[in-house]
Amino acid sequence: MTQWSGPTLIAVFAGFGLALVLVVPYVAISYRKRGELGLLRAIAAPTFLVYCFALVTYTLLPLPDVDAAYCATHEALRHPVWNPLQFLEDMRQFNTGLLDNPALRQVLFNVAFFVPWGVFVRRLFGRSIGFAVVSGFFVSLAIETTQLTGVWFLMECPYRLFDTGDLLSNTVGAGVGALLAPVLRRSGRLRPADEPRPVLARRRLLGMVLDLISVTLAGVVLSMIALAVQYVTKGTLQNNTLIDDVLGRWVPTAVLLLLVPLAGNGATPGQRAVLLTVVRADGRPPSMLQSIVRFLIGSGGYFILAGLDSGWTSLWLLAHLVFMIFTRGHRGLTGLVCGLSVADTRAVDREPVAPPG
């Protein structure tokens, strides 16, 4: 593993891992704030998390073996470089061409490293150029201070140098990114957030994926709590059927995909996140019987088969995907069997839903 591959892998896995945890609330907030998610934002949001972790891993890793001997031989790291233009003097020490000069390359890397910060702050969060520049400076200052203090005194001494030249180049990079951000401006008319959108197959699929993520994460949390209780009470960690199947799968499936729809308007958490709801021909929420049958035929049936390690799981999933894509209004197999339709919640609030054809 090279010097750069380790921090890269950590940033990617940590960033996408956190994105998986935050995806349901992020999608829900996006739909309520902007009326939709959008392809650009769907890509930018997890990329921003990966970038934030990259800021940490590239500036703090790899961690050396910091002991008394290391501190004695790296005494210079205790003394910050206060001249932000010191890199000009450093460049003169290398007898190379301009583009091959290591000192210049380091400056250019520091500038390029913070260009995404300026882009994200402006395009993803909608802030001003000034905010992008100032926030870039303070993020860089936090990094440099972390290095100066040896990761806030967790290390015996600093293992990287506090350099005001890095502060300058990082801040310049954030400014460059902020100036380049309008190039990524979205084209087309931006519709009001409360304006209903069509029920498209990709939106239905997103809701299904969010349900899968919700059940999986809830199962992981319940299993971890159960294991923690087991460890505290018995002093051991041992998986069993109660933890793996009941708490890890059946309880979150029943609560999120059956009880939540029954207690609400018939929509699952994933459907609620993308502003979809399930209605009868007259626009009313589904009955209790329809909700139970829909659960058994749909997502609940999938998790039941998956829990039983049934060979029909893949076929079950494929059938639902096909029906979801090709049925009118993308109501899917459950809607076809139960006589239900999937509608935009904003449209339901305005007028009754037309009977399915």
Side-chain angles (χ1 to χ4, degrees), residues 5-34 36-58 60-61 116-117 119-121 123-125 200-228 237 239 243-261 267-276 298-300 302-307 313-314 316-318 320-321 324:
S5 61
T8 300
L9 290 176
I10 294 174
V12 170
F13 282 107
F16 280 107
L18 183 59
L20 186 66
V21 174
L22 299 177
V23 63
V24 176
Y26 176 76
V27 171
I29 293 172
S30 295
Y31 266 88
R32 282 149 185 79
K33 185 176 181 179
R34 288 171 289 275
E36 58 188 17
L37 178 60
L39 178 61
L40 182 60
R41 300 191 70 85
I43 297 174
T47 304
F48 175 71
L49 293 178
V50 172
Y51 172 72
C52 287
F53 278 103
L55 286 176
V56 176
T57 57
Y58 276 105
L60 299 182
L61 298 180
W117 180 267
V119 175
F120 282 125
V121 168
R123 300 309 314 143
L124 190 59
F125 300 103
L200 302 177
R202 63 174 178 268
R203 187 172 166 196
R204 287 276 283 118
L205 181 61
L206 177 58
M208 295 166 65
V209 171
L210 295 180
D211 281 332
L212 174 61
I213 294 174
S214 299
V215 170
T216 302
L217 291 179
V220 169
V221 171
L222 290 176
S223 297
M224 291 178 63
I225 293 175
L227 289 172
L237 287 176
N239 290 332
I243 294 177
D244 291 343
D245 293 338
V246 178
L247 294 179
R249 185 178 297 112
W250 304 124
V251 171
T253 299
V255 171
L256 296 177
L257 303 183
L258 178 60
L259 296 183
V260 169
T268 63
Q271 291 172 332
R272 290 170 180 263
V274 296
L275 294 182
L276 291 177
S299 53
Y302 167 78
F303 281 102
I304 291 173
L305 289 176
T313 307
S314 298
W316 184 281
L317 180 60
L318 178 61
H320 278 276
L321 288 175
M324 183 271 292

S.K.: What are the two closest heavy atoms between Pro252 and Leu247, and how far apart are they?
M.R.: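 Heavy-atom minimum between the residues: CD-O, 3.2 Å.
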S.K.: Whether the side chain of Arg203 engages the backbone of Leu275 through a donor-acceptor N/O pair (distance < 3.5 Å, no angle test) should be reported.
M.R.: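 Such a contact is found between Arg203 side chain and Leu275 backbone.
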S.K.: Measuring from Met208:CE to Leu276:CG, what's the distance to the nearest 0.5 Å?
M.R.: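 Separation between the atoms: 12.0 Å.
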S.K.: Counting only heavy atoms not in Arg32 (residues, nucleotides, ligands), do more than 12 fall under 6.0 Å from its CZ?
M.R.: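 Above 12, so yes.
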S.K.: Run through Glu36, Arg123, Arg34 and flag the one making a side chain to side chain contact (heavy atoms under 4.5 Å, CB included) with Arg41.
M.R.: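 Per the side chain to side chain contact (heavy atoms under 4.5 Å, CB included) rule, the option paired with Arg41 is Arg34, out of Glu36, Arg123, Arg34.
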S.K.: Can you give the donor-acceptor pairs under 3.5 Å from side chains of residues 10-22 to other protein atoms, not counting sequence neighbours?
M.R.:
none

S.K.: State, yes or no, whether a side-chain contact exists between Leu9 and Thr57 at a heavy-atom distance under 4.5 Å.
M.R.: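 With C-beta onward as the side chain, the pair stays apart.
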S.K.: Of all heavy-atom pairs between Leu37 and Ala42, which one has the smallest distance, and what is that distance?
M.R.: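 Scanning both residues, the minimum pair turns out to be CD2-CB, 3.9 Å.
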S.K.: For residues 43-56, which side-chain N or O atoms pair as donor and acceptor with protein atoms under 3.5 Å away, sequence neighbours left out?
M.R.:
from, atom 1, to, atom 2, distance (Å)
Thr47, OG1, Ile43, O, 2.6
Tyr51, OH, Phe113, O, 2.6

S.K.: What's the separation between atom CG in Leu200 and atom CG in Leu206, rounded to the nearest 0.5 Å?
M.R.: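 Here the rounded value is 11.5 Å.
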S.K.: Please report the shortest heavy-atom distance between Val260 and Arg272, naming the atom on each side.
M.R.: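 Of all heavy-atom pairs spanning Val260 and Arg272, the closest is O-NH2, 3.8 Å.
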S.K.: Please test Val246 against Leu222 for side-chain contact (heavy atoms from CB on, under 4.5 Å), starting from the C-alpha separation and ending with a verdict.
M.R.: CA-CA 10 Å; Val246 178; Leu222 290 176; over 6 Å; no
S.K.: Scan for side chain to side chain donor-acceptor pair (under 3.5 Å) pairs involving residues 204-216, sequence neighbours excluded, and state none if there are none.
M.R.: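 Sorted pair list: Asp211-Thr268.
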